[in-house]
Asks: 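Attaching a single structure in structure tokens format; questions to follow.
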Amino acid sequence: MVRRPVAWIVAVVLFAEGLGIAALQWFLGVVVDRQDMSLAGLDPDVMSVSSKAGGLLFGGYFALCGLVALLVALRDRAPAGFGRILLISAAVVHGLLGAFAWGLVGWTAFLFMVVVLALVVLLLMTYDTRTGPGEPADAAPDGGQGDEGPSAGGSTAGGSPVTPGPAPTTP
């Protein structure tokens with residue numbers, strides 16, 4: 001099974017990325033504060049504080065996404081509700097950052113963003129919401145009835161009928 005290791009890797013990468021983003025923005029805020037220069041008439045203290053606050057918020061966002069991935073890895077269940085929305089938004093953010101990184105930073109940053117995007121999408125796609133943690137991915141989606149279900153007209157190991165069940169009758 002590849003689901004749990006992918007979830008662990010995504011959690012570690014998102015935690016590291018959140019810490020890195022927060023540290024980078026904090027560093028940039030300190031640099032702006034120490035230069036004591038104005039950019040187009042903006043107050044340097046406001047720029048410094050906003051850089052630090054933005055870094056903490058963005059880093060916290062990635063850390064929250066990493067927490068969702070960690071819970072997925074621990075529970076071995078698909079993310080649901082708000083957690084799924086967070087992971088989808090993280091995938092979108094990485095796609096956009098990858099597009100900007102290609103033009104502004106270079107192909108290595110683009111490659112990193114695309115790898116993280118692929119990991120998040122793989123995490124979202126490997127957990128099928130119709131199966132539970134103990135069932136294989138190709139289990140019958142009919143509530144575990146499998147071969148004994150209402151359409152038991154001969155079936156294969158995957159639970160799909162070889163011959164259709166009886167046709168409905170009209171009254």
Side-chain angles (χ1 to χ4, degrees), residues 1-139 141:
M1 297 284 275
V2 74
R3 298 184 316 183
R4 273 190 142 171
V6 167
W8 282 106
I9 291 170
V10 169
V12 169
V13 167
L14 287 175
F15 280 133
E17 193 174 9
L19 183 65
I21 290 288
L24 176 68
Q25 289 297 110
W26 193 271
F27 173 73
L28 291 175
V30 169
V31 168
V32 167
D33 193 31
R34 288 189 181 165
Q35 283 192 351
D36 200 30
M37 294 173 61
S38 173
L39 178 69
L42 293 174
D43 185 23
D45 291 331
V46 172
M47 290 191 309
S48 172
V49 169
S50 64
S51 175
K52 291 175 183 178
L56 291 177
L57 286 173
F58 206 44
Y61 164 73
F62 280 135
L64 187 61
C65 293
L67 179 66
V68 170
L70 180 67
L71 290 175
V72 167
L74 291 174
R75 296 178 181 166
D76 197 20
R77 286 193 326 213
F82 186 66
R84 187 168 184 85
I85 292 170
L86 271 176
L87 288 177
I88 290 171
S89 70
V92 170
V93 165
H94 280 90
L96 291 173
L97 287 176
F100 289 126
W102 179 270
L104 297 175
V105 181
W107 66 271
T108 53
F110 170 77
L111 185 65
F112 174 75
M113 290 296 160
V114 168
V115 166
V116 176
L117 169 67
L119 285 172
V120 172
V121 169
L122 184 63
L123 170 68
L124 288 167
M125 298 302 291
T126 54
Y127 280 93
D128 188 12
T129 57
R130 294 176 294 173
T131 60
E135 297 174 316
D138 60 348

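The first residue of the sequence shown is numbered 1, and numbering continues consecutively from there.
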Asks: To the closest 0.5 Å, what do you measure between CG (L124) and CD1 (I88)?
Replies: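 These two atoms lie 5.5 Å from each other.
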
Asks: Show the nearest heavy-atom pair for residues S51 and Q25, with the distance to one decimal.
Replies: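 Between these two residues, the closest heavy atoms are OG-O, 3.0 Å.
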
Asks: Consider side-chain contact (heavy atoms from CB on, under 4.5 Å). Of L96, T108, L97, which one does M113 pass it with?
Replies: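 Going through the options one by one, the only one that passes is L97.
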
Asks: Mark yes or no for whether Y61, through its side chain, and G18, through its backbone, hold a donor-acceptor pair below 3.5 Å.
Replies: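 Side chain of Y61 to backbone of G18: no pair is present.
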
Asks: Which atoms form the tightest heavy-atom contact between A69 and L123, and what is the distance?
Replies: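 A69 and L123 have their closest heavy atoms at CB-CD2, 4.1 Å.
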
Asks: Find the distance between CZ (F82) and OG (S89) and round it off to the nearest 0.5 Å.
Replies: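 Those atoms lie 8.0 Å apart.
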
Asks: Which atoms form the tightest heavy-atom contact between V72 and R77, and what is the distance?
Replies: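 Where V72 meets R77 most closely, the heavy atoms are CG1-O, 3.4 Å.
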
Asks: Could you measure the distance from the CG atom of L122 to the CD1 atom of I9? Nearest 0.5 Å is fine.
Replies: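 Going from the CG atom of L122 to the CD1 atom of I9 covers 9.0 Å.
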
Asks: So, taking the atom named NZ in K52 and the one named CG in L28, what distance separates them when rounded to the nearest 0.5 Å?
Replies: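 If I round to the nearest 0.5 Å, the distance is 11.0 Å.
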
Asks: Kindly say whether L74 contributes a backbone atom to a donor-acceptor pair with the side chain of R4 at under 3.5 angstrom?
Replies: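 The answer is yes, because a donor-acceptor pair under 3.5 Å joins these two groups.
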
Asks: Test side chain to side chain contact (heavy atoms under 4.5 Å, CB included) on L70 and W8; report intermediate values, then the result.
Replies: CA-CA 6 Å; L70 180 67; W8 282 106; 3.3 Å; yes

Asks: The criterion is ring pair (Phe, Tyr, Trp, His ring centres under 6.0 Å); which residues satisfy it with F112, sequence neighbours excluded?
Replies: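 Testing F112 for ring pair (Phe, Tyr, Trp, His ring centres under 6.0 Å), a comparison that skips the adjacent residues, returns none.
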
Asks: Could you tell me how the ring of F62 sits relative to the ring of H94: parallel (under 30°), tilted (30 to 60°) or perpendicular (over 60°)?
Replies: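 F62 and H94: tilted rings.
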
Asks: Once you round to the nearest 0.5 Å, how far does CG of L57 lie from CG of L64?
Replies: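 If we round to the nearest 0.5 Å, L57:CG and L64:CG are 12.0 Å apart.
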
Asks: Measure across S48 and V32 and return the closest heavy-atom pair with its distance rounded to 0.1 Å.
Replies: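 Minimum heavy-atom separation between S48 and V32: N-CG1, 4.1 Å.
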
Asks: Nearest 0.5 Å, please: how far is SG in C65 from CD1 in I85?
Replies: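 Output value for this atom pair is 11.5 Å.
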
Asks: Mind listing the closest non-hydrogen atom pair of G59 and A22 along with its distance?
Replies: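 Closest approach of G59 to A22: CA-CB, 4.4 Å.
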
Asks: Minimum heavy-atom separation for V6 and L119, please, with both atom names.
Replies: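 Smallest interatomic distance, heavy atoms only, reads CG1-O, 3.9 Å.
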
